[in-house]
Every structure is written in C-alpha cells, then in structure tokens.
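Not measured: the values here are computed from a predicted model. Order of the sequence lines sets the chain letters (A, B, ...), proteins ahead of strands, with each chain counted from 1.
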Number of protein chains: 2
Amino acid sequence: MLHEDVVGRIRAILLDGEIPPGARIPERELCERLQISRTPLREALKVLAAEGLVQLLPHRGSRAAKLTDKDMRDLFEVCQGLEALAGELACERISDAEIGAIAAAHDEMVRHYREGDLIQYYRGNRAIHEAIVAAAGNPALAGLYTSVTARIRRARYVTPMTPQRWALAVKEHEAILNALQRRDGAGLSHILRAHLRHKREEVLQAGFAEMEASDLGLRIA
Amino acid sequence: MLHEDVVGRIRAILLDGEIPPGARIPERELCERLQISRTPLREALKVLAAEGLVQLLPHRGSRAAKLTDKDMRDLFEVCQGLEALAGELACERISDAEIGAIAAAHDEMVRHYREGDLIQYYRGNRAIHEAIVAAAGNPALAGLYTSVTARIRRARYVTPMTPQRWALAVKEHEAILNALQRRDGAGLSHILRAHLRHKREEVLQAGFAEMEASDLGLRIA
DNA sequence: TTTTACATTTTTGAATGCAAAATTTGGGAT
DNA sequence: ATCCCAAATTTTGCATTCAAAAATGTAAAA
C-alpha cells in the first residue's frame, strides 16, 4: 500500500510548511526522501493539484500552491458557506451525546481562554467546528470542508488576537453552542457565518505571513 | 500536453455514462482507445478518484463511482449550500450586464417551458445556475460547484417532471431572477435553497436509474 | 457431482528508461 | 562589462518493463 500513504505524507509536508508556498517541489529529492520512484510521487502530486494544494506547470514542474489575498478571501467565503450548511444540517440530526461532547469541548476551550492559552484555544476551537461538520452526517460535505480548511491552513499567518476579538469569538461560541442545544438551525447558520466573517476580517486585515515549520502551530480553526 | 486532456476525456466518458456507475474501468482498453500508455491514464484516474468520480480499490483496479441514495442526498445538500452562498455573493458583486445576460437566459428558458421543450429547458436552467455561480466571482466556490454538480449529473436518472412541479420550478426561477435584480442576497439564498430542495425531493422520490449513452441527455440542472 | 487445492493467466502497482522541453552555463560580440 | 545566443545539463512527461497480487481455469479428491 504505497500510493495511499504518499499523498498523505506529501500533504503533511505541505501543511507543515516544510515546502513554503510558491516554492518548487523537487521530484528527485522527494523521491529519495520518501524512498519511492517518480511514478507514485507524480501520481500523488496530481491528486494534490486537484485538491488545490499544488500547482502543476506544464514542463516546469510542480510548485506548492501560492495563495493570493483574493484566494484566501474566496476560501474563507466557501468555508463560511460550508460551515453554515453544516450547522443547519447538524441541528436536524445531532444526537444528545454529540451535543454533550461538543459542550465538553466548548467548556475546555473556554478554560483555555481563561488561562490565556491561545494555542490550546485554537486547537479546541478547531475541534468544535470539525465536530459540528461531522454531526451534519454528510461525508461529501465533510470532505469538501477538510479540503478547504487544509488549503486555508496551508497559508500560515499570525493573527494579532486582541483581547476584544478573542472575547467576541468566545461569546460567539457560546451562542453557537446555545443554538446547537436548541437545535436552532437557522440561528446557528447565522451565527456561524458572522463568526467566520469576523475571523476572516481579522485575518485579512492582518495579512498573512509564511512561517517556518518549527513555528508554534498557530492555525485558523 | 497530454495529461491535461486525459482527465477531461475520461471525465467526459464517465459523465456520458459510457462506463456505467459501478462498472470496472478497463485500463488496457482505455489506453488503446485514447492512444496513451498506462502511466498518464493511471494519473488521471487518481485525480478523478480525488474528485469522487472514480473509486480506487487496492489491487482490484478502479471502478466508476457508484452513488447510493444517501450519497445523492448528501451531494444535493452540498449543492444547495454552495448555490445559496453563490447567490448571496452574486448579489453583492453582480454587474448590470451579468444580470441582463441571466435575464435573457431566463426568458429563453421560460420560452422553452411554454413550448414544452424539457431538454432545452433543462439546458437553460443549468446555464442560469452556472451563471449565478460565476457571478459570485469566487473561483474556489465555482470549482467545488462544478465538481459537485458533475458527480450529481454522473448518476443519471429520469425525473417524472409533472406539470405542477415544472410550473413551480419556473415560478421559483421568476423569484430567483427578481431577487437577483433587487440584489437581495438573503432572499435569493432562501429561494435557491427551496428551489433545490424541491428538485431533490423530485429526484429522490423518483429514485434514479441508469441510462444508456444514447439517451436523451436528461440531466439535473 | 461438488469442492478444494494448485497452476496459469491477467491485471495491478511501481521502477526504470527514453525523448522532449526547459534551465543553466559558457563563450563571443557589442 | 554587459548582453545575447548557443551548447550542455537537468528536469519533465510519457512509454516500457518488471514484480506482485488477484482472477481464472483445471484437475484431483471427497
């Protein structure tokens, strides 16, 4: 089972920022590193290109996809739409157990907020959004969501999280959980859109910068 | 430039239903037919698998993706979400010229409706929805939309379009155009969701059946 | 007659090889 | 010294080849 892993491993390399956006992807080097020949590597690159993580230039090799400001805005919009949809669907289908799990994750996230642990907060935040998408019970939706968030996360950036913004985000999350518990699909959809719009403004206002693989792992959740 | 076309050609073969859902994809045969070797063909199959049109079974080759009823429902939901998002965005950005073009397409579609030409009606219907997505000015969104609609269209079916349903669809399209012209994003989003929900009910109620490549070309628009 | 074990054939997955295109390098002219 | 053009090298794209896994067919035993 070779080609299965290869896509995942290269995706990880890209997401880790080991190959920075816009940089050439050296086929021969990667072949040696992964101990595979060019055939499965090239197959994997084609798949990743279809996912939008890699750009293929005819006779000029492949590059790690470079996202412009516009690309980021576009992806955020799509992400927003997908999350809003997931929220609506989740409200129709989510089980009490799933709500309980999300509530627990929420409480933990709030704890990290109170402790001022931004990294753990982000992790918890991301887990909640993914749980909502999972609760929608729609694999096709989940797949697209994964793909889109991967592309967004691919472009690393540091967001200057001000206390005000952070407080707002937490407040929005309270509302998100509340809407979920009331199974208020329309309301949740609305809140999620606002939530992500704020996140987007925050990010795009700051611009985004590439970071080293050894960075703190700050990511958009 | 070979590999560019190969994906498109195989996709066309799949969309045309020449290889029915669930059927094995004979590598050797396709190679001879497309006059290419197995390497680019397999690369293309991997890409199509990432798109969801092809299933790859380890050591057992590739099959044309077979969509279950649940898969169809899921895809319709996603399509709905994407169209609703596109509608909202389009209202913010669409130019008068674009609205004019859509209005013209709408009138033509209504003409086909009056003439009872279902096939041409479907064609126009699809063109309108694609124009709205295009007017959203979001290539990432457009790409996902194309992929999702391709998968939906992949599963061919005959919808028993009753006069009532058809009339309702046309009425909804009037509302769609109206909301666009008023640039009422929220309203358009709402209408589009209802529109696609009706379409979905229509389709899933009927179930879907595979048809020959030589069929009438009835497709979900 | 049915079933199971084994050999053959086919097909898949990956490595290698080869031709074409692009990048790099070196030399000469302005 | 700089610019430009051509040869050499590298890299890409595809074809071919090779090994392994699955499918198929056959024969023997129950």
Practice item. For DNA chain D, find the residues of residues 34-45 of chain A with a heavy-atom distance under 4.0 Å and give them by number; none if there aren't any. Key: A/Arg38, A/Arg42

Practice item. Please step through side-chain contact (heavy atoms from CB on, under 4.5 Å) for the pair B/Val7 and B/Leu45, ending with a clear verdict. Key: CA-CA 7 Å; B/Val7 173; B/Leu45 289 178; over 6 Å; no

Find the distance [X]:[atom1] to [N]:[atom2] and express it as a whole number of Å.
| X | N | atom1 | atom2 | value |
| --- | --- | --- | --- | --- |
| A/Arg63 | D/dT11 | CZ | C1' | 13 Å |
| B/Ile25 | C/dT11 | CD1 | C1' | 15 Å |
| B/Leu30 | C/dT12 | CG | P | 11 Å |
| B/Glu27 | C/dT10 | CD | C1' | 12 Å |
| B/Asp5 | D/dC14 | CG | P | 9 Å |
| B/Leu56 | D/dA21 | CG | C1' | 16 Å |
| B/Glu32 | D/dA15 | CD | C1' | 15 Å |
| B/His59 | C/dT12 | NE2 | P | 11 Å |

Check your understanding: Do the rings of A/His129 and A/His195 sit parallel, tilted or perpendicular, given the 30° and 60° boundaries?
Key -> parallel

Practice item. Hey, could you give me the CZ/CD distance between A/Arg11 and A/Glu51, rounded to the nearest 0.5 Å? Key: 4.0 Å

Review point. Out of curiosity, B/Ile128 CD1 to B/Ile176 CD1, how far, rounded to the nearest 0.5 Å?
Key: 8.0 Å

Exercise for review: Could you tell me whether A/Glu29 atom CD has more than 12 heavy atoms of other residues or ligands within 6.0 Å of it?
Suggested key: no

Exercise for review: Could you tell me whether B/Arg183 atom CZ has more than 12 heavy atoms of other residues or ligands within 6.0 Å of it?
Suggested key: yes

Review point. So does B/Arg60 get a side-chain nitrogen or oxygen closer than 4.0 Å to the phosphate oxygens (OP1/OP2) of D/dA23?
Key: yes

Review point. Does A/Arg24 have a side-chain nitrogen or oxygen under 4.0 Å from the phosphate oxygens OP1 or OP2 of D/dT10?
Key: no

